[in-house]
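First the proteins, then the strands, lettered A, B, ... as listed; each starts at 1. No hydrogens, no waters, no symmetry mates; every other heavy atom, side chains included, goes into these values.
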Amino acid sequence: MLPRSYFARDAAELARALIGATLLVDGVGGVIVETEAYEREDPASHSFGGKTNRNAAMFGPAGHAYAYRSYGIHWCLNAVCGRDQTGSAVLIRALEPRAGLMTMRARRGLEDVRKLCAGPGRLCEALAISQVHDGLPLDEPPFSFQDRSTDVVVIAGPRIGITRATETLWRFGLAESPFLSRPFPRLG
DNA sequence: GGTATGATTGACT
DNA sequence: GTCAATCATACCA
């Protein structure tokens with residue numbers, strides 16, 4: 001189980017480190033295969049404009065959750081990071097489903113394992129993440145993070161769905177994973 | 001008070 | 001490839 005102090009580092013560094021780690025919520029989840037980094041001095045970040053009611057958790061201590069509603073429909077889960085509560089977080093974008101497959105299938109109304117957690121909104125539906133998780137510590141139930149046990153090949157690319165700072169390569173993924181929300185652009 | 005926008009997804013041409 | 005769903009937030013008057 002990763003302690004909350006593990007999250008007290010730069011967003012891009014944590015986003016890369018979390019690839020291959022295991023995330024469970026109430027025992028349901030899998031291996032993190034895709035993340036994105038967001039920081040205060042980042043025009044694409046929710047924290048860019050300063051602290052508001054919605055992003056308050058981003059400005060709280062590292063190692064806590066920041067959950068927000070996207071497009072009025074979906075939920076997205078972030079791990080708050082950074083060393084001095086400056087508004088950094090890592091968006092968890094995709095999981096390789098490992099635990100609670102039937103529960104996730106039921107919640108998603110879907111059979112295809114590849115699409116069960118392939119996207120921030122999809123994995124939140126599969127893990128039943130919502131408003132109630134906003135601000136909760138990540139090293140206590142219902143959350144559980146476990147470090148990866150083997151080396152992995154991590155690839156980077158531009159973040160998805162943003163209109164600003166699109167040149168920053170702060171999306172990270174597990175190479176060759178079939179569980180990514182979208183493929184990474186080929187290098188070169 | 002009104003209106004435009006979005007760290008998305010699923011359905012459809 | 002395009003587009004609507006749906007609503008909290010942000011921004012302007």
Side-chain angles (χ1 to χ4, degrees), chain A residues 7 10-19 21 23 25 30 32-60 62 64-82 86-97 104-136 138 154-174 177-185:
Chain A
F7 299 88
D10 290 345
E13 185 189 335
L14 178 66
R16 179 178 287 274
L18 284 180
I19 299 298
L23 164 63
V25 178
I32 298 172
V33 298
E34 186 181 338
T35 59
E36 283 178 3
Y38 290 90
E39 289 191 338
R40 177 66 201 274
E41 303 297 322
D42 170 10
S45 174
H46 286 173
S47 59
F48 184 66
K51 186 176 177 179
T52 65
N53 193 49
R54 174 176 70 158
N55 67 21
M58 272 189 94
F59 289 88
H64 290 246
Y66 165 46
Y68 71 94
R69 195 120 89 148
S70 175
Y71 287 87
I73 306 167
H74 309 287
W75 290 96
C76 293
L77 175 66
N78 293 251
V80 177
C81 60
T86 184
S88 300
V90 171
L91 172 68
I92 312 296
R93 284 194 58 91
L95 302 181
E96 174 179 336
M104 292 193 278
R105 282 199 173 98
R107 287 170 176 164
R108 296 263 299 124
L110 186 75
E111 289 293 318
D112 188 350
V113 185
R114 291 198 178 203
K115 294 181 180 174
L116 222 42
C117 300
R122 290 167 172 173
L123 79 86
C124 280
E125 186 175 28
L127 302 198
I129 300 290
S130 71
Q131 179 68 48
V132 303
H133 297 89
D134 189 36
L136 294 185
L138 297 175
V154 179
I155 53 180
R159 292 173 291 181
I160 291 181
I162 57 172
T163 57
R164 293 176 291 182
T166 54
E167 73 287 351
T168 308
L169 303 183
W170 274 359
R171 177 185 177 221
F172 301 93
L174 179 62
S177 173
F179 301 96
L180 299 173
S181 66
R182 295 175 51 178
F184 277 72

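- Here the closest non-hydrogen pair linking A:Ala15 and A:Phe172 is CB-CD1, 3.5 Å.
- Listed by first then second residue, pairs satisfying ring pair (Phe, Tyr, Trp, His ring centres under 6.0 Å) with a partner in residues 112-132 of chain A number zero, not counting sequence neighbours.
- No more than 12 heavy atoms of other residues, nucleotides or ligands lie within 6.0 Å of CZ in A:Arg182, so this atom counts as exposed by the packing criterion.
- Closest non-hydrogen pair, A:Met104 versus A:Leu127, comes out as SD-CD2, 3.8 Å.
- The distance from atom CG of A:Leu123 to atom C1' of B:dA7 is 12 Å, rounded to the nearest whole Å.
- Side-chain proximity of A:Ile160 to the nucleotides B:dG10, B:dT8, B:dA7 is greatest for B:dT8.
- The interatomic distance linking A:Leu77 (CG) with B:dA7 (P) rounds to 16 Å, in whole Å.
- Atom P of nucleotide B:dT9 and atom CG of A:Leu180 are separated by 13 Å, given to the nearest angstrom.
- Regarding A:Asn78, its CG atom lies at a distance of 8 Å from the C1' atom of B:dA7, rounded to whole Å.
- Residue A:Ile129 contributes atom CD1, which lies 14 Å from atom P of B:dT9 at whole-angstrom precision.
- Remark: the A:Ser181 side chain and the A:Glu34 side chain contain an N/O donor-acceptor pair separated by less than 3.5 Å.
- Taking 4.0 Å as the cut-off between side-chain N and carboxylate O, A:Arg159 and A:Asp42 count as a salt-bridged pair.
- Residues from residues 88-96 of chain A lying near DNA chain B, meaning a heavy-atom separation below 4.0 Å, are A:Leu91, A:Arg93 in numerical order.
- Of the two residues near DNA chain B, A:Thr163 and A:Glu125, the one whose nearest nucleotide lies more 5' is A:Thr163.
- Pairs passing the side-chain hydrogen bond (donor to acceptor under 3.5 Å, both in side chains) check and including a residue from residues 106-121 of chain A, sequence neighbours excluded, read A:Arg108-A:Glu125.
- Stretches of at least 3 consecutive Watson-Crick or G-U wobble pairs, with each checked distance under 3.5 Å, appear in DNA chain C as B:1-6 with C:7-12, B:8-12 with C:1-5.
- Residues A:Thr168 and A:Pro158 fail the side-chain proximity criterion, which asks for heavy atoms closer than 4.5 Å.
- For the 3.5 Å distance criterion, the side chains of A:Ser45 and A:Ser47 qualify, holding a donor opposite an acceptor.
- Between the side chain of A:Glu39 and the main chain of A:Ala11, a donor-acceptor pair closer than 3.5 Å is present.
- Of the options A:Tyr66, A:Tyr38, A:Tyr68, a side-chain hydrogen bond (donor to acceptor under 3.5 Å, both in side chains) to A:His46 is made by A:Tyr66 and by none of the others.
- A:Met58 places its CE atom 11 Å from the P atom of B:dA7, with the value rounded to the nearest Å.
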What string of B, S and - do you get for nucleotides 7-13 of chain C, 5' to 3', when a contact is any protein heavy atom under 4.0 Å?
-> B-SS---
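- Remark: the backbone N or O of A:Ile160 is paired with a side-chain donor or acceptor of A:Glu36 at under 3.5 angstrom.
- Looking at residues 106-118 of chain A, you'll see A:Arg108 sit with a heavy atom under 4.0 Å from some atom of DNA chain B.
- Remark: P of B:dG6 and CZ of A:Arg159 are 14 Å apart, rounded to the nearest angstrom.
- When only modelled atom types and interatomic distance are considered, A:Arg93 and A:Thr35 share no side-chain donor-acceptor pair under 3.5 Å.
- Between A:Ser45 and the phosphate of B:dA7, there is no side-chain N or O to OP1/OP2 separation shorter than 4.0 Å.
- In this structure, A:Arg171 satisfies the cation-pi test against A:Phe184, with its NZ or CZ atom closer than 6.0 Å to the six-membered ring centre and inside 45 degrees of the ring normal.
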